[in-house]
Asker: 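The following block contains the structure, expressed as structure tokens.
Chain naming here is simple, since letters A, B, ... match the order of the sequence lines and numbering starts at 1 in each. The shown structure was predicted, so the numbers you read here are calculated from the model rather than taken from an experiment.
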Protein chains: 2
Amino acid sequence: MRKILTNTKTKNQFKDFLLTQGLKSTRQREIILDEFLRAGSHLSTEDLYLRLRKGNPHIGYATVHRTLKLFAECGIAEQRHFGDGQARYEASDCDEHHDHLICVVCGKIVEFEDPRIEELQLEVAGAHGFTIERHRLELYGCCLECRQV
Amino acid sequence: MRKILTNTKTKNQFKDFLLTQGLKSTRQREIILDEFLRAGSHLSTEDLYLRLRKGNPHIGYATVHRTLKLFAECGIAEQRHFGDGQARYEASDCDEHHDHLICVVCGKIVEFEDPRIEELQLEVAGAHGFTIERHRLELYGCCLECRQV
DNA sequence: CGTCTAATTGAAAATGGATTTCAATTTAAA
DNA sequence: TTTAAATTGAAATCCATTTTCAATTAGACG
């Protein structure tokens with residue numbers, strides 16, 4: 001069960017982060033991390049908050065917001081913006097980077113990676129004297145299903 | 001004077017747009033377009049509003065905002081988001097697309113284009129059944145000047 | 001020219017997601 | 001335990017964006 005192993009690793013990573021930063025493990029943080037890992041990727045704070053409310057009506061929006069920021073800080077999640085004005089978070093799958101294809105009709109988000117593009121990015125940046133820390137590549141278009149309707 | 005010719009063309013494009021949409025040419029719209037073309041690219045609404053206020057204290061923020069949206073609608077400007085929480089607009093240079101290098105230290109924005117990357121994007125999208133309408137590629141890093149300090 | 005209708009303007013208010021405040025609560029170290 | 005510091009959550013605040021609305025203006029038509 002690879003998924004379960006990954007989740008355990010992620011949870012430990014978060015615990016280590018809390019320890020080394022002098023922060024505390026709380027029931028809320030555990031619940032939020034559980035739900036975050038269970039839910040699909042690309043959730044907004046609102047999305048996660050609403051999901052959590054079903055089983056945990058006591059958890060506040062502010063706590064979800066702050067906890068997601070902690071996830072991003074400690075590297076187990078990444079914040080993304082897809083132009084609809086709200087931040088979305090996705091679990092960082094180990095060390096591999098990926099970019100996104102977004103269907104402008106149905107909103108579907110597909111992940112992809114292409115080392116050749118990454119290579120060219122480095123080359124272009126170098127030619128302008130830049131070192132790259134991170135990048136964002138999003139392709140907006142129409143998916144197969146939406147073209148067939 | 002290529003720049004002046006381009007500006008005339010842009011202005012005509014805007015006038016045509018207003019005509020065909022049943023909208024009106026106003027003094028404010030002319031002034032805002034002039035200042036937009038005169039100012040460098042990547043201005044936020046606030047930036048442009050402040051610049052305008054110097055010579056035209058009567059022009060309101062809402063008007064600048066609405067006019068920039070008109071520019072984007074008619075294709076003479078494009079809206080961008082670079083993650084600092086505010087929209088920026090840049091003049092559309094004819095039909096050529098370009099991407100951005102952003103220095104995370106000093107905020108400098110450099111434009112570039114690379115047909116090889118564009119080509120690979122098409123290929124990747126096709127492999128996932130997507131057609132591409134537009135894309136966004138931003139490389140965040142550190143520029144030469146900031147590394148030397 | 002005037003007249004008239006619809007578009008425009010700009011100050012102010014509303015919106016909406018993100019963030020902060022603060023008193024009460026909880027964690028975990030001593 | 002006791003205690004100091006971190007956390008929580010409801011509410012308040014922030015801040016860019018967007019909308020409202022009464023007054024103004026553009027420009028079509030007679």
Asker: Is the A/Tyr89 to A/Phe71 ring centre distance short of 6.0 Å?
Answerer: no

Asker: Rounded to whole Å, how long is the line connecting atom CG of A/Leu33 with atom P of D/dT7?
Answerer: 15 Å

Asker: For the pair A/Arg134 and A/Glu78, find out whether any cationic side-chain nitrogen is under 4.0 Å from an anionic carboxylate oxygen.
Answerer: no

Asker: Between C1' on D/dA26 and CD1 on B/Ile31, what's the gap in Å once rounded to a whole number?
Answerer: 15 Å

Asker: Can you tell me how the ring of B/His42 sits relative to the ring of B/His100, calling it parallel under 30°, perpendicular over 60° and tilted otherwise?
Answerer: perpendicular

Asker: Between atom CD in B/Glu30 and atom P in D/dT25, what is the gap in whole Å?
Answerer: 15 Å

Asker: Can a salt bridge be assigned to the pair B/Arg88 and B/Glu90 using a cut-off of 4.0 Å between side-chain N and carboxylate O?
Answerer: no

Asker: Rounded to whole angstroms, how far apart are NZ on A/Lys69 and C1' on C/dT19?
Answerer: 7 Å

Asker: Please give the angle, rounded to 10 degrees, between the axes at the start and the end of the helix from C/dC1-D/dG30 to C/dA30-D/dT1, where five pairs define each axis.
Answerer: 20°

Asker: Which heavy atom in A/Leu33 sits nearest to a heavy atom in A/Phe14, and how many Å separate them?
Answerer: CD2-CD2, 3.7 Å

Asker: D/dA5 P sits how many Å from A/Gln21 CD, rounded?
Answerer: 18 Å

Asker: Treating primed atoms plus P, OP1 and OP2 as sugar-phosphate and everything else as base, which nucleotides of nucleotides 6-18 of chain C get B, S or - for protein heavy atoms under 4.0 Å?
Answerer: BSSBBB-----SS

Asker: In terms of side-chain geometry, is the basic nitrogen of B/Arg27 or B/Glu30 positioned less than 4.0 Å from the acidic oxygen of its partner?
Answerer: no

Asker: Could you check whether A/Glu145 pairs with A/Lys108 (Lys NZ or Arg NE/NH1/NH2 to Asp/Glu carboxylate O, under 4.0 Å)?
Answerer: yes

Asker: Checking A/Glu133 now: which residues fulfil side-chain hydrogen bond (donor to acceptor under 3.5 Å, both in side chains) with it, not counting sequence neighbours?
Answerer: none

